[in-house]
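Here is the naming used below: chain letters follow the sequence lines, and residue numbers restart at 1 for every chain.
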2 protein chains.
Amino acid sequence: MDTADAPEGELKVSAPHRELLDQVLDKWSLSILNELCERPCRFNDLRRCIPAVTQKSLTATLRRLERNGIVERVLLSSRPVAVEYRITPLGKTLRHPVDVLLDWAATHMPEIQRARRTFDLTET
Amino acid sequence: MDTADAPEGELKVSAPHRELLDQVLDKWSLSILNELCERPCRFNDLRRCIPAVTQKSLTATLRRLERNGIVERVLLSSRPVAVEYRITPLGKTLRHPVDVLLDWAATHMPEIQRARRTFDLTET
DNA sequence: CTGTATCCCACGCGATACTG
DNA sequence: CAGTATCGCGTGGGATACAG
């Protein structure tokens, strides 16, 4: 009843929300979140689990997530340097929305690909 | 096991999914979706409802959403040109995931802003 | 092992002007 | 009214090299 034809217009997307989503749903965040939800990971663990990411992007994304309180950076030992990244309680709350989103993507991908083909054929 | 959450590792984020989310959660799509979920809109209606968007970006976003089968472009009359944009059934299915996401953002925004302040102070 | 530092390019997006 | 056409800029992100 709430999803079909509920009172519309409940959610306006404000600039701060937009910015937050950009920081938290960017190119690599979802993959990182996915890994850290299963277990704490070292930096190079993440690199192995997400082979396509570069050092630079991984560092940047982790910093951004850390700044937003989504992940936690834990220094394990200083010589040689060892660092572990963990999901925070706040980070865990992000899992459900993301799952719903990915579920949607998985469910409707075929339909979307059909739409794309139709569009690409029609508009030439 | 615990609070009715799914077994881990259910959702790997693949490249096609990533691309889809980029096309559907980009800077202006959520605002457009929001408007079109309430009523069909003409091009300039949307410009009025979303004052910050430029013509170019609005056109580009609408085309992208149309290609993915999220919105529908309806030619109302040809002279003078009149066009109406409508949400599709597929587009409506996107509303729930997006609402969950925006709900999350609204709920946790205070906590996130605290995290940011702490981070910005600690790391200088 | 865990990062920084550069360089560089693609592209998302804004600004502005023009068109059927 | 509903777009296209151009130009330009900021920045996300890859490649590579270096550092504590």
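Atom CD of A/E66 and atom C1' of C/dG3 are 13 Å apart (whole Å). Atom CZ in A/F43 sits about 17 Å away from atom P in D/dG20, given to the nearest Å. Across the protein-nucleic acid pair, A/R73 atom CZ and C/dC1 atom C1' stand 12 Å apart, rounded to whole Å. Rounded to an integer number of Å, the gap from A/W28 CH2 to D/dG13 C1' is 9 Å. Summarising the geometry, the separation between CZ on B/R18 and C1' on D/dG13 is reported as 13 Å, rounded to the nearest angstrom. The distance between atom CD1 of A/I32 and atom C1' of D/dG13, rounded to the nearest whole Å, is 13 Å. Rounded to a whole Å, the CG atom of B/L62 is 16 Å from the P atom of D/dC1. For the pair A/L65 CG and D/dG12 C1', the interatomic distance rounds to 15 Å; values are reported in whole Å.
Side chain of A/T107 to main chain of A/D103: a donor-acceptor pair is present (N/O by atom type, distance under 3.5 Å, no hydrogens or angles).
Phosphate proximity of C/dC11 to B/R64: absent, as no side-chain N or O sits under 4.0 Å from OP1 or OP2. Proximity of B/R63 to the phosphate of D/dA2: no side-chain N or O atom is located under 4.0 Å from OP1 or OP2. Considering only side-chain N and O atoms, A/S57 lies nowhere under 4.0 angstrom from the phosphate OP1 or OP2 of D/dG13. Contact between the side-chain N/O atoms of A/K56 and the OP1/OP2 oxygens of C/dT6 is not found at any separation under 4.0 Å. Between B/R42 and D/dA2 there is a side-chain N or O to OP1 or OP2 distance below 4.0 Å. Not one side-chain nitrogen or oxygen of A/R79 sits closer than 4.0 Å to the OP1 or OP2 atom of C/dT2. Taking only side-chain nitrogens and oxygens, B/Y85 never comes nearer than 4.0 Å to OP1 or OP2 of D/dC1.
Counting only heavy atoms from C-beta on, A/K27 has its side chain closest to D/dG14 among C/dG3, D/dA2, D/dG14. Of the candidate nucleotides C/dT4, D/dG3, D/dG14, C/dT4 has the atom nearest to the side chain of A/T59. Side chain of B/V81, nearest nucleotide from D/dA2, C/dT4, C/dA15: D/dA2.
B/K56 is listed as a side-chain neighbour of B/T54, based on a closest heavy-atom distance under 4.5 Å. B/S57 places none of its side-chain heavy atoms less than 4.5 Å from the side chain of B/K27. Using a 4.5 Å cut-off on side-chain heavy atoms (C-beta onward), A/V83 and A/R42 make no contact.
Across all strands shown, B/R47 has no heavy atoms under 4.0 Å from either base or sugar-phosphate atoms.
With DNA chain C read from its 5' end, the first of the two nearest nucleotides for A/N44 and B/T61 is the one closest to A/N44.
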Working for salt bridge (Lys or Arg N to Asp or Glu O under 4.0 Å), residues B/R117 and B/D120: CA-CA 5 Å; B/R117 276 194 297 272; B/D120 293 344; over 6 Å; no
